[in-house]
Every structure is written in C-alpha cells, then in structure tokens.
Amino acid sequence: VFDKSVRSSFQRWCDASGGYLRFDMVPDQKDARIVCKLLRTVRNPDSTDGRKLGETKLDDNEGLEDSLKFSRVEVFFNLEQDPREIPAITLHEVGHALGLDHSGNPKDIMFPHSREPYADVLTARDKNSIRRLYGITNDMTARQ
C-alpha cells in the first residue's frame, strides 16, 4: 500500500502542476532528492491532537543548484490505524517535501489533521497552491 501511495502522490502533484513538475523513481536512496519511508510506529507530539501521522524533514543543502532541497518524508503507521490513512498522509507529506505549508481549509490535503474518510484528493486550492509556489502559469503547461 505504501509504495503505491508514494507513486500515486508524486503523480498527483505532477498532474496538479499541469505536467510542469516531473519525478523519477531511483533505485538507490543516495541518488534521491526526496526519500519516503514508512515507519511502523506512532509519534506523540507535544500537541493537543495526541499523535503525529507523518513528518517531512527538509535539509538546507546549499550545494544543490536548484530550489528543491533534499527532503525526508516519514509516514508513521501501526496496526491499530486504519490503512486508508496511508495514501492521504503520504500525499500530504509529499506536498510538504515540495515546499507547501499547511492550509487552514479542512477540505485541503494540506490541512494539518487527518480525518475520515481519509480522502487522498487534491482540492482546487491545493492545485493552485503548488502552481503558485512554482510560478506555473497556464501557458507554461500548454507547451509541455
């Protein structure tokens, strides 16, 4: 489920960008700019919601020639959780790896709290956010 969720997440963000963002899966982690891991655990942050479902850590590697830095996406999961959460959490965390912040709209995938029905769907606002972040215009994607 996790590998499929990772591939689907990158494809959805690619589609949201109109094909402007592109991703390749690489066999060796040392060649990756974004590494995704499933950790079979639950994290309890110092917050009121009681558990953390995922986390993205960004590295400020100044040696990279473009604006995308190295990121590590971690999805936390244990057997007590609903497996339907994995695709939504993965899509959310990949959004962070691409540079998106949390949204205040509970319908957006970038909203900070997961809730049933655990929809792994990008809203129009999510799509507009990634396009705005990367300066993607309609005429740029029409040339793709």
Exercise. Considering all heavy atoms of both residues, which atom of A88 and which atom of I109 are nearest to each other, and what is their separation?
Worked result: O-CD1, 3.7 Å

Exercise. Taking T56 for the side chain and E93 for the main chain, is one N or O donor matched with an acceptor at less than 3.5 Å?
Worked result: yes

Exercise. Can any side-chain N or O of Y134 pair as donor or acceptor with the backbone N or O of S129 at less than 3.5 Å?
Worked result: no

Exercise. Ignoring hydrogens and geometry, is there a side-chain-to-backbone donor-acceptor pair from D108 to M110 under 3.5 Å?
Worked result: no

Problem set entry | F2: ring pair (Phe, Tyr, Trp, His ring centres under 6.0 Å) partners, not counting sequence neighbours | none

Exercise. Can you pull the salt bridge (charged side-chain N to carboxylate O under 4.0 Å, His left out) pairs that have at least one residue in residues 23-32, sequence neighbours excluded?
Worked result: D28-K30

Exercise. If you round to the nearest 0.5 Å, how far is CD1 of I136 from CG of N128?
Worked result: 11.0 Å

Problem set entry | Residues which pass salt bridge (charged side-chain N to carboxylate O under 4.0 Å, His left out) with D82, listed by chain and number, not counting sequence neighbours | R84

Seminar exercise, completed: Here the gap from S9 atom OG to I89 atom CD1, rounded to the nearest 0.5 Å, amounts to 10.5 Å

Problem set entry | Test item: D126 side-chain N/O and T123 main-chain N/O as donor-acceptor pair under 3.5 Å | yes

Exercise. What are the two closest non-hydrogen atoms of C36 and V94, and how far apart are they?
Worked result: SG-CG2, 4.4 Å

For this session: State the CG-CZ distance between L38 and F76, to the nearest 0.5 angstrom.
Result: 10.0 Å

Exercise. Which pair of non-hydrogen atoms, one from Q81 and one from L53, has the smallest distance, and what is that distance?
Worked result: NE2-CD2, 3.5 Å

Exercise. Distance-only, no hydrogens or angles: does the T90 side chain make a donor-acceptor pair with backbone N or O of I86 under 3.5 Å?
Worked result: yes

Problem set entry | Spacing of CZ belonging to R72 relative to NZ belonging to K37, to within rounding of 0.5 Å | 5.5 Å

Problem set entry | Shortest non-hydrogen contact between L21 and W13, atoms and distance | CD1-O, 4.4 Å

